Amino acid sequence: MAQGIPDKIMSNTTLIKDLADVAKDAALLQGVLMRIHETPNSSELVTYAPFTLFPTPVPKAVFFQALAVQTHYNTLVDKISQDPDFLEEALASTIAVDDFTARLFRIHQQILKEGRSQSIVLGLNRSDYMLDQGDDGSSSLKQIEINTFAASFGGLSSRTPDVHRHVLKVAGQLEESRRILDNNPAAGLAKAVAKAWELYGSERAVVMFLVEEGQRNIFDQRYIENELWKRYADDQEVAVVYFRNGYMPENYISEKTWDARLLMERSLAVKCPDISTHLAGTKKVQQVLASPGVLEKFFPDQPQIVEQIRATFAGLYTLDMGPEGEKTVAMALAAPDRFVLKPQREGGGNNIYGSEICQVLQGVKESTERMAYILMDKIHPNPVQNYLLRRDGPLKISNCLSELGVFGTYVRQGKDMVMNECVGHLLRTKSSEHSDGGVAAGVAVLDNPLLV
Ligand code: ADP
Ligand code: MG
Ligand code: MG
């Protein structure tokens with residue numbers, strides 16, 4: 001591992017076994033917890049959330065680049081959410097063929113027609129990146145996506161630094177242990193929620209967490225909830241709805257659930273995210289933003305911000321009907337391994353890779369159905385060896401790829417940006433055998449950057 005954990009440690013199997021036990025206990029002590037698969041709604045049996053044995057080297061320059069651009073991404077998402085013409089144009093082709101996005105868009109239109117009942121907006125985002133490895137060994141920061149809805153692991157990632165520090169100390173790597181940064185997204189996320197609550201202006205009103213049916217990841221949410229409990233007591237009127245559920249079609253199990261979403265959107269509560277911010281986080285919007293001249297429209301007099309954001313864009317290509325889309329199809333079919341094909345879905349496991357891209361595109365390339373997707377350059381991070389610790393998993397060395405997430409928060413009241421902050425980070429690492437999938441999907445595990 002370049003400037004990371006010495007080989008003599010990585011290959012000492014007895015030591016690794018001991019360190020894995022030390023690490024698991026440290027994770028339990030620090031509260032890096034998850035409920036088990038078998039009983040997702042009970043805390044009788046809990047385990048450590050999956051994580052890496054060692055932190056992963058991340059170059060300082062790109063790490064701080066990701067932090068520095070976050071408040072601009074917050075601003076960008078917020079501007080998009082206030083620009084119905086842009087959203088309509090950007091999503092026109094998608095909603096023509098993608099039912100889920102179309103239904104969300106219908107709610108958005110109804111709210112526009114009726115007028116927004118609440119002028120306070122709360123954004124809790126996570127912008128995700130991979131470090132693309134250049135031929136010269138350099139790595140450049142490339143955005144994978146931005147999550148405006150239910151961006152998770154701000155809670156657990158507040159506790160993982162102490163776990164890795166401890167493991168490194170036990171392994172005799174004192175200097176390395178000091179290179180792990182403090183991280184507390186939970187406090188930052190809670191601070192923004194509390195700000196929105198305060199602006200709402202009712203002592204009696206509560207914050208409502210809209211949670212999933214199966215709640216293995218409950219502790220991640222509890223960290224944020226507990227930060228809030230330090231501040232307020234319980235009651236009935238809802239000042240803020242914090243959605244941790246509702247980002248995938250499967251969450252809407254009946255017409256009643258769609259009615260409930262509409263009801264919440266029409267209510268006086270501050271929505272996190274509101275419907276237009278939800279739509280601003282779609283992969284189609286991400287692709288449209290990468291087209292020439294679009295960022296300039298949102299930052300007309302700020303070329304340096306445009307430059308800073310654009311520097312993090314990977315190649316993104318439209319599959320709309322017309323010559324541009326035709327070009328994209330031909331390009332993908334000619335070299336599928338260079339790309340990722342993405343539908344408008346969240347939560348991991350939905351993207352299409354390699355030869356399957358050809359299969360899917362052959363099926364849809366002549367029809368408007370292809371407009372449900374976008375195409376993206378595949379990012380190739382430098383593989384790093386590590387051990388992935390998960391309950392019942394074998395202890396073996398894996399070739400790993402990492403994804404850095406940066407948490408951003410903002411609160412706007414009418415035209416006034418009251419708060420706009422970068423509140424922490426998340427590093428997730430997976431075995432390179434897997435193309436896709438996050439922690440919840442059982443593929444990636446929690447990690448920490450070791451700045452080099
Ligand atoms: P989701 O909203 O489902 O998380 P993502 O766009 O983040 O969708 O993709 C899921 C996973 O697929 C990512 O966490 C990453 O591991 C992988 N992935 C996505 N886009 C790329 C890309 N352009 N290059 C390499 N891997 C990618
Ligand atoms: Mg993702
Ligand atoms: Mg996502």
Side-chain angles (χ1 to χ4, degrees), residues 50 56 66 73 77 94 98 100-101 104 124-133 139-154 157 217 243-251 273 277-287 289-290 312-317 328 331-332 335-354 356-357 372-384 388 398-408 425-447:
T56 297
Y73 266 120
V77 165
T94 308
D98 183 77
F100 180 58
T101 314
L104 295 173
L124 304 179
N125 296 325
R126 199 188 69 221
S127 180
D128 291 335
Y129 306 89
M130 281 180 165
L131 306 186
D132 204 20
Q133 191 68 9
S139 44
S140 58
L141 186 75
K142 293 296 166 204
Q143 186 183 53
I144 296 296
E145 61 154 349
I146 190 158
N147 293 291
T148 62
F149 199 116
S152 59
F153 294 108
S157 62
N217 200 17
F243 289 100
R244 292 288 294 245
N245 179 13
Y247 53 87
M248 47 169 108
E250 296 77 9
N251 296 150
T277 309
H278 185 175
L279 291 168
T282 53
K283 289 165 177 88
K284 183 63 191 177
V285 165
Q286 183 188 7
Q287 178 257 302
L289 287 173
T312 67
F313 285 175
L316 288 147
Y317 313 94
T328 305
M331 193 170 73
D337 288 331
R338 282 187 41 212
F339 303 103
V340 182
L341 185 64
K342 298 192 177 187
Q344 309 305 309
R345 292 292 177 271
E346 298 292 331
N350 300 299
N351 298 335
I352 297 155
Y353 303 84
E356 219 191 309
I357 292 183
Y373 300 90
I374 60 141
L375 191 77
M376 182 176 186
D377 281 345
K378 191 169 180 183
I379 307 304
H380 295 279
N382 188 23
V384 172
L388 306 184
S398 307
N399 248 350
C400 297
L401 306 178
S402 298
E403 186 171 349
L404 174 70
V406 178
F407 290 98
H425 57 273
L426 166 74
L427 194 71
R428 290 173 302 165
T429 293
K430 65 175 188 197
S431 160
S432 59
E433 296 156 24
H434 298 283
S435 309
D436 207 298
V439 180
V443 172
V445 307
L446 302 176
D447 194 354

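This is a predicted model, so every value here is computed, not measured. Note that ligands are numbered from 1 as they come in the structure, with each ligand's atoms numbered from 1 the same way.
In this structure, Ser157 contributes its side chain and Leu426 its backbone to no donor-acceptor pair below 3.5 Å. Remark: the backbone N or O of Thr282 is not paired with any side-chain donor or acceptor of Gln344 at under 3.5 angstrom. A donor-acceptor pair is defined here as one N or O able to donate and one able to accept, closer than 3.5 Å; no such pair exists between the side chain of Gln286 and the backbone of Phe313. Between the Thr312 side chain and the Gln143 main chain, no donor and acceptor come within less than 3.5 Å of each other. At distances below 3.5 Å, at least one donor-acceptor pair connects side-chain atoms of Asn251 with backbone N or O atoms of Tyr247.
Pairs passing the salt bridge (Lys or Arg N to Asp or Glu O under 4.0 Å) check and including a residue from residues 429-441, sequence neighbours excluded, do not occur.
For the residue pair Ala444 and Pro50, the shortest heavy atom distance occurs at O-CG, 4.4 Å.
Applying the side chain to side chain contact (heavy atoms under 4.5 Å, CB included) test to Ser152 and every residue at least two apart in sequence or in another chain returns Arg126, Asn217, Asp220, Arg244.
Panel detail: the Mg ion (ligand 2) has protein N, O or S atoms under 2.8 Å away, 1 in number.
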Could you please spell out the steps behind the salt bridge (Lys or Arg N to Asp or Glu O under 4.0 Å) verdict for Arg428 and Asp128? CA-CA 10 Å; Arg428 290 173 302 165; Asp128 291 335; 3.2 Å; yes

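Protein residues having at least one heavy atom under 4.0 Å from any atom of ligand 1 are Met130, Ile144, Glu145, Lys283, Val340, Lys342, Arg345, Glu346, Gly347, Gly348, Asn351, Tyr353, Met376, Asp377, Lys378, Ile379, Glu403, Lys430, Ser435, Asp436, Gly437, listed by chain and number.
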